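Written below as structure tokens is the structure these notes are about.
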Amino acid sequence: MEQEKKRVYTAIQPTNNLTIGNYAGTIRSWRALQSDYDCIFAVANMHALTVRQDPSVLRARTQSLVALYLACGVDPAQTIVYVQSHVPCHAELCWALNTVTYVGEMERMTQFKDKSAKHADNINMGLMDYPVLMAADILLYKADLVPVGEDQRQHLEIARDIAQRFNNLYSPTFTVPEGLFGKVGAKICDLQDPVKKMSKSCENPNSSVFLTDDKDTIMRKFKRAVTDSDSQVRYDPAAKPGVSNLLSIYSVFADKSIEESEKQFRGVGYGDFKLAVGEAVANRLAPIQSEQAKLLADKSYLDGVMKDGAERAQAIARKTLSKVYKKMGLYQI
Ligand code: TYM
């Protein structure tokens, strides 16, 4: 009998414009994962509500993120692609898991502290509960592996803790998920401040390269990227964060190892090196952008993908939730 495939689950929030960090940290691995795993890729639009959103923009970004997934090689016939709010089990499991999660644990989350500082006028309950909803996402589908960037490591740890705690309190129910972090690209840094993570929400337009940027914009941003006063293209994140970040980006977008990339740029000046990085990024993004635009022109197709995905996701999620309710003593009819 064919052995059952392991399950991969991950999601992205439809907030701001996605960056090459999002691509490098997770999306780029999705196409290949589909042949070895049973994959589920979600659009985390309920997580997006934890910071203020313009409702019509959030709606448009949700659709455009689904189109991006498909444009990056996700095959909806094989893989489940769906929108979080279309599967009510997420909010329901989140509530159940809230009762086995401690306030102190949530207060210690780095992202909660960062976002609370950034949005001091809107430290809402959802922001604090964010990791529990993320745990619910993953645990509903009994995911074995979760491909994410480095910044999600702490959230994944808490999802594992919650799963283990529930299993011990009640009985084995949830699979304890493992993070899947790329050797290269799990933390792409800010082009202007290369010790900081590149972020969708950074205010300096030269800091992040967006997946929607055209070639001229991409080249301009890389030309302005911070390097150092040395002149060697060498991977050494502690001593040379700017150059090392550019090497990581090149390695991801040109599909070459760091060692190969270092070798290729031995003796090459920073100016030419930066141009090559920009070219590699622009060349990879161009076909994705045109495919995404094509898909966005066919809204009814995209709605169909979301509907089918939601039905398939809901069928899996409902089974898990029903087990959880039973174990917790919620009366079922
Ligand atoms: P989000 O939307 O902030 O980011 C989406 C993915 O991109 C990765 N990422 C990066 N990787 C490398 N370098 C960077 N500079 C960089 N910036 C972002 C993130 O690690 C992430 O993998 N909480 C999640 C969304 C989520 C989720 C889930 C993920 C909701 N439910 C369940 C996994 C499983 C988030 O905010 O990602």
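Order of listing sets the numbers, starting from 1, for every ligand and every atom in it. Computed from a predicted structure; not experimentally measured.
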* To do: Select the closest option to atom 11 (N) of ligand 1 among Pro14, Ala159, Gly21, judged by heavy-atom distance.
  => Gly21
* Which residues, ordered by chain and number, are linked to Met46 in its hydrophobic cluster, where ILVMFWY side chains connect at heavy-atom gaps below 4.5 Å, directly or through other members? -> Leu133
* Under-4.0 Å salt bridge between Arg284 and Glu279 -> no
* For atom 26 (C) of ligand 1, which of Ser199, Ala11, Ala24, Pro177 has the closest heavy atom? -> Ala11
* Measure from the side-chain N and O atoms of Lys142 to the backbone N and O of Leu139, and report whether any donor-acceptor pair falls under 3.5 Å. => no
* To do: Examine the proximity of ligand 1 to Ile138 and report which part, side chain or backbone, both or neither, has a heavy atom under 4.0 Å away.
  => side chain
* To do: Classify the contact between Gln13 and ligand 1 as side chain, backbone, both or neither, using a heavy-atom distance cut-off of under 4.0 Å.
  => both
* Asked: Does an N or O from Gln152, backbone or side chain, lie closer than 3.5 Å to an N or O of ligand 1?
  -> yes
* For ligand 1, which part of Gln84 has a heavy atom less than 4.0 Å away: the side chain, the backbone, both, or neither? -> neither
* Asked: Mind checking whether Glu150 has an N or O less than 3.5 Å away from an N or O of ligand 1?
  -> no
* ligand 1 atoms in contact with Ile188 (distance to a heavy atom under 4.0 Å) -> 12 (C), 13 (N), 14 (C), 15 (N)
* Side-chain (Thr320) to main-chain (Leu140) donor-acceptor, under 3.5 angstrom -> yes
* Among the heavy atoms of Ala143, does any lie under 4.0 Å from an atom of ligand 1? -> no
* Answer with side chain, backbone, both or neither: which part of Val146 has a heavy atom less than 4.0 angstrom from an atom of ligand 1? => side chain
* **For Tyr130, the ligand 1 atoms whose distance to one of its heavy atoms is below 4.0 Å** => 23 (N), 24 (C), 35 (C), 36 (O)
* To do: On the 0 to 90° scale, with breaks at 30° and 60°, tag the Trp30-Tyr69 ring pair as parallel, tilted or perpendicular.
  => perpendicular
* **Residue part near ligand 1, for Val148, under 4.0 Å between non-hydrogen atoms** => both
* Asked: Is the shortest distance from a Lys or Arg side-chain nitrogen in Glu178 or Arg160 to a carboxylate oxygen in the other one below 4.0 Å?
  -> yes
* Structure fact -> Atoms of ligand 1 under 4.0 Å from any heavy atom of Gly25, numbered from 1 in the order shown, are 11 (N), 12 (C)
* **Sub-4.0 Å atoms of ligand 1 with respect to non-hydrogen atoms of Lys187** => 12 (C), 13 (N)
* Structure fact -> Which of Gln84, His90, Gln13 passes side chain to side chain donor-acceptor pair (under 3.5 Å) with His47? Answer is Gln84
* **Per-atom contacts, ligand 1 versus Gly185 - under 4.0 Å to a heavy atom** => 12 (C)
* For atom 4 (O) of ligand 1, which candidate among Val8, Asn22, Ile12, Thr10 provides the closest heavy atom? -> Asn22
* Asked: Do ligand 1 and His155 have nitrogen or oxygen atoms that lie under 3.5 Å from each other?
  -> no
* Aromatic ring pairing Phe265/Tyr250, orientation class (parallel under 30°, perpendicular over 60°, tilted between) -> perpendicular
* Structure fact -> The atoms of ligand 1 lying under 4.0 Å from a heavy atom of His47, numbered in the order shown, are 30 (C), 31 (N)
* Asked: So is Ala186 close enough to ligand 1, meaning a heavy atom under 4.0 angstrom away?
  -> yes
* To do: Report the residue from Asp190, Asp193, Thr19 that forms a side chain to side chain donor-acceptor pair (under 3.5 Å) with Ser207.
  => Asp190
* Examine the proximity of ligand 1 to Cys189 and report which part, side chain or backbone, both or neither, has a heavy atom under 4.0 Å away. => neither
* Structure fact -> Numbered in order shown, the ligand 1 atoms found under 4.0 Å of a heavy atom of Ala44 are 30 (C)
